[in-house]
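Right, one structure below, let's go through it.
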There are 2 protein chains.
Amino acid sequence: MRPTLADVAKLAGVSVATASRALSNPDLVADGTRRAVREAAASCGYKINLVARSLRIQRTDTLLVLAPCIDNSFYPALVRSIEDTALAMGYAIIIGFTNKADRHREAYAELLSAGRVDGLLVMDGGSGVDRFTGPQPDLPVVQVFDKIYETQVPVVRVDEQQVADLAVHQLASMGHRRIAHISGAADRHSARERREGYRAAMARLGLPVEDQLVKNGHGHREGGAEAMKQLLELPLAPTAVFCANDTMACAAMDVCRDRGIHVPGDISFIGADGTADGLFAFPSLTTVNVPRAEAGSRAVEKLVGLIRGQAVMPDTVLPVELKLRGSCAPTRTAVAA
Amino acid sequence: MRPTLADVAKLAGVSVATASRALSNPDLVADGTRRAVREAAASCGYKINLVARSLRIQRTDTLLVLAPCIDNSFYPALVRSIEDTALAMGYAIIIGFTNKADRHREAYAELLSAGRVDGLLVMDGGSGVDRFTGPQPDLPVVQVFDKIYETQVPVVRVDEQQVADLAVHQLASMGHRRIAHISGAADRHSARERREGYRAAMARLGLPVEDQLVKNGHGHREGGAEAMKQLLELPLAPTAVFCANDTMACAAMDVCRDRGIHVPGDISFIGADGTADGLFAFPSLTTVNVPRAEAGSRAVEKLVGLIRGQAVMPDTVLPVELKLRGSCAPTRTAVAA
DNA sequence: GCGCACAACTTAAACGCTTTAAATTGTCAA
DNA sequence: TTGACAATTTAAAGCGTTTAAGTTGTGCGC
């Protein structure tokens with residue numbers, strides 16, 4: 001049998017209460033006692049039982065992290081930084097992926113309500129965090145990106161419209177006027193916002209906002225490629241494309257390459273997110289970087305704050321930044337001018 | 001206050017023992033009683049406290065999964081399948097990344113020894129699973145890939161030498177004789193085995209095994225690119241390269257493209273692992289697929305088996321498979337012949 | 001010498017559940 | 001009517017901690 005605190009106490013000739021204090025609250029016992037208990041614990045290989053501790057102190061020091069997936073190139077950096085920050089703050093993370101069967105959602109909702117975690121970090125705003133928590137979560141919840149405005153859940157996010165704005169402005173400043181947009185999955189808040197941001201930016205710049213220049217790429221490679229093909233079939237093809245994420249942008253560039261269309265000579269691309277995808281594309285992809293690692297840590301800090309009783313803070317909005325790389329260039333006319 | 005079983009019992013007019021049974025062991029109570037308890041539970045919003053349950057039954061139904069990282073394109077599929085299978089078998093997973101500071105290792109070793117998980121799944125064979133478990137783990141452990149022969153830990157893996165063998169044979173069958181190898185991180189078992197497998201296959205085929213044709217790419221893009229550059233500077237450059245993973249293969253192909261060397265016309269490539277990297281490369285990368293998703297489920301099944309008291313089974317060795325894609329072609333001389 | 005403050009420690013209860021062993025109830029045969 | 005037996009239910013003992021409340025002992029001022 002694993003030794004318990006009682007064994008340690010007996011060995012050290014003190015009560016379990018003292019043994020407990022000697023190990024976890026050293027200032028409350030005399031020097032000699034502390035040493036005796038420590039030695040007893042070491043000599044019998046005592047290890048605390050965290051489950052018992054959790055039951056007693058009503059804390060698990062564990063966070064549940066729900067991500068839609070992990071093979072998406074957007075999430076790994078986020079998840080890593082969450083894990084890193086959580087660990088530094090004394091929390092372990094249980095991870096769950098939610099874009100699978102409903103079975104998953106239910107299982108995790110169960111974990112949440114059954115007191116096995118102290119808080120929830122959702123990255124899957126998708127169609128509402130209340131699927132996991134109910135309308136009035138009795139557990140601290142923080143959401144990362146993809147804000148759902150209907151709920152009052154604190155969020156760490158970026159200004160998604162600004163993402164689009166930076167991209168469109170960059171292209172416009174290079175002389176592009178026919179700027180297309182390949183948008184992301186319709187159920188994602190970020191995708192909707194980026195599309196709106198694109199429209200707004202185009203309008204502000206006095207550029208034509210044609211419906212045919214906006215195609216839905218559904219956020220993935222195949223959709224991006226298909227959308228690009230449609231754009232290339234237009235009577236008057238765009239000279240630049242802003243894609244709602246890097247994955248689609250890379251796929252779109254590949255379509256161009258396959259057809260002998262030169263990037264950025266014939267057409268320019270800007271992606272969004274700032275994933276590694278674009279870094280290794282050819283040409284390397286200009287993108288609007290979304291600081292995922294920082295979002296991860298900030299979200300954990302926020303969540304831990306809530307758990308520890310801090311008042312709900314306003315949304316955290318992180319800055320985005322344009323990363324100018326090889327995939328966009330001034331229009332020929334701009335060059336000629 | 002959250003209602004407890006005692007509240008439910010009082011509400012239903014039975015003892016807590018009966019309430020407990022009615023909810024978790026329904027055959028042991030009479031029909032009417034069961035219904036009454038169920039209704040009482042529902043009416044007061046009772047949710048079981050899993051921590052208390054865990055303490056009592058001495059199980060946590062949680063697994064610790066340690067991965068070196070997640071942004072590596074190799075691991076996501078593995079982690080997802082682990083999560084999926086674990087959930088289906090009634091386990092949650094705590095995930096930890098171990099290629100960070102030692103702080104991480106220690107924290108997770110603590111979790112392990114403190115009874116917060118029922119078992120451990122390690123993907124980071126790196127320099128020995130005993131860093132986490134000590135020489136005699138008192139907890140079930142299963143390792144995925146990267147077997148460490150010194151320890152007696154059951155493992156789910158592939159035949160890494162066969163990975164190399166399939167690649168070399170394919171290239172040789174296309175007429176290649178000067179086949180180079182870009183190897184992976186020296187501390188990884190898979191990398192060492194693949195290099196040995198390359199040597200053995202070359203020798204068996206009677207092909208020259210020159211030290212200068214073997215470069216260390218350290219498993220990552222930069223290393224792969226650098227290794228490729230060195231290979232191209234050889235007096236007699238190789239006509240084909242087997243890379244120990246897809247990431248390096250893609251980087252190596254990019255180097256060729258930048259220098260105007262045509263793939264597969266001038267030089268052929270085969271990678272290994274079967275990650276999405278190679279699928280979207282140009283040309284798409286021939287690779288030796290390592291069934292990561294299946295390895296994940298098998299590992300979980302094995303681990304849960306151990307937890308439930310099954311005897312230790314022999315290693316599980318999964319089959320690998322060559323995926324022929326656009327990055328390799330017969331040599332010019334072979335074509336001419 | 002008495003009372004008091006204070007430090008050091010112990011006792012005992014609590015956290016919320018499961019499960020063994022014992023008690024209760026009901027049924028039926030003798 | 002009684003006893004045997006099965007079917008339910010209950011009381012109580014844990015699971016291994018933490019901690020509020022209580023006890024003991026020491027030194028100190030008076």
Side-chain angles (χ1 to χ4, degrees), chain A residues 1-38 40-41 44-62 90 110-118 138, chain B residues 1-38 40-41 44-62 90 110-118 138:
Chain A
M1 278 308 291
R2 265 174 77 120
T4 72
L5 211 44
D7 299 320
V8 173
K10 194 180 299 173
L11 214 59
V14 297
S15 73
V16 291
T18 305
S20 171
R21 287 211 182 83
L23 295 175
S24 53
N25 227 338
D27 343 341
L28 298 181
V29 303
D31 276 15
T33 318
R34 178 167 56 240
R35 209 173 318 119
V37 173
R38 291 262 163 95
C44 70
Y46 168 76
K47 296 288 176 190
I48 193 173
N49 180 325
L50 288 179
V51 173
R53 177 169 202 272
S54 281
L55 176 59
R56 173 62 228 225
I57 69 178
Q58 302 285 78
R59 269 193 295 126
T60 61
D61 295 339
T62 306
E110 164 87 7
L111 278 193
L112 276 175
S113 58
R116 203 147 92 181
V117 295
D118 294 345
D138 48 358
Chain B
M1 277 309 291
R2 266 173 77 121
T4 71
L5 209 45
D7 299 320
V8 174
K10 194 179 302 175
L11 213 59
V14 297
S15 73
V16 290
T18 305
S20 171
R21 286 210 185 84
L23 295 175
S24 52
N25 227 338
D27 342 342
L28 297 182
V29 303
D31 276 14
T33 319
R34 178 168 55 239
R35 207 172 320 118
V37 173
R38 290 263 162 95
C44 70
Y46 169 77
K47 295 289 176 188
I48 192 172
N49 180 326
L50 287 178
V51 173
R53 177 169 201 273
S54 282
L55 176 60
R56 175 61 229 227
I57 68 178
Q58 301 286 76
R59 268 193 294 126
T60 60
D61 296 339
T62 305
E110 164 86 6
L111 277 194
L112 277 175
S113 58
R116 203 148 89 179
V117 295
D118 294 344
D138 47 357

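The structure presented is a predicted model; accordingly, all values stated were derived computationally and were not measured. Chain letters run A, B, ... following the sequence lines, proteins first, then strands; residues in each count from 1.
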Between the axis at one end of the helix from dG1(C)-dC30(D) to dA30(C)-dT1(D) and the axis at the other (five pairs apiece), what's the angle to 10 degrees?
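The end axes of the helix from dG1(C)-dC30(D) to dA30(C)-dT1(D) are about 70° apart, to the nearest 10°.
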Tell me whether the side-chain N or O atoms of Arg116(B) pair up with the base of dT17(D) as donor and acceptor below 3.5 Å, since no angle test is needed here.
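No such pair is found, so the answer is no.
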Look at the side chain of Arg56(A) and the base of dT17(D), then say whether one donor and one acceptor between them are separated by less than 3.5 Å.
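No such pair is found, so the answer is no.
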For a 4.5 angstrom cut-off between non-hydrogen side-chain atoms, does Val51(B) reach Arg53(A)?
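Answer no - side chains too far apart.
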N-O pairing of Asp31(A) and Arg34(A) below 4.0 Å:
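Counted as a salt bridge, because a side-chain N and a carboxylate O are separated by less than 4.0 Å.
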Phosphate OP1/OP2 of [N] contacted by [X] side-chain N/O (<4.0 Å):
X	N	result
Thr4(A)	dG16(D)	no
Gln58(B)	dG14(D)	no
Ser54(A)	dT17(D)	no
Ser20(B)	dC17(C)	no

Here's a test of your reading of the structure: between Arg34(A) and Val16(A), which maps to the more 5' nucleotide of DNA chain C?
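The answer here is Arg34(A).
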Assign each of Met1(A) and Thr18(B) to its nearest nucleotide of DNA chain D by heavy atoms, then name whichever residue's nucleotide is nearer the 5' end.
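Final value for this comparison: Thr18(B).
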On DNA chain D, check which nucleotide each of Asn49(A) and Thr33(B) is closest to and give me the residue with the more 5' one.
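Checking each residue's closest nucleotide, the 5'-ward one belongs to Thr33(B).
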Under the side-chain contact (heavy atoms from CB on, under 4.5 Å) rule, collect the residues that match up with Ala22(B), sequence neighbours excluded.
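Per chain and number, Ala22(B) pairs via side-chain contact (heavy atoms from CB on, under 4.5 Å) with Val29(B), Val37(B).
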Would you indicate what Val29(A) reaches in the nucleic acid, counting non-hydrogen atoms under 4.0 angstrom: base, sugar-phosphate, or nothing?
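Touches sugar-phosphate only.
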Minimum-distance nucleotide to Tyr46(A) side chain [options: dT17(D), dT18(C), dT10(D)]
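Output: dT17(D).
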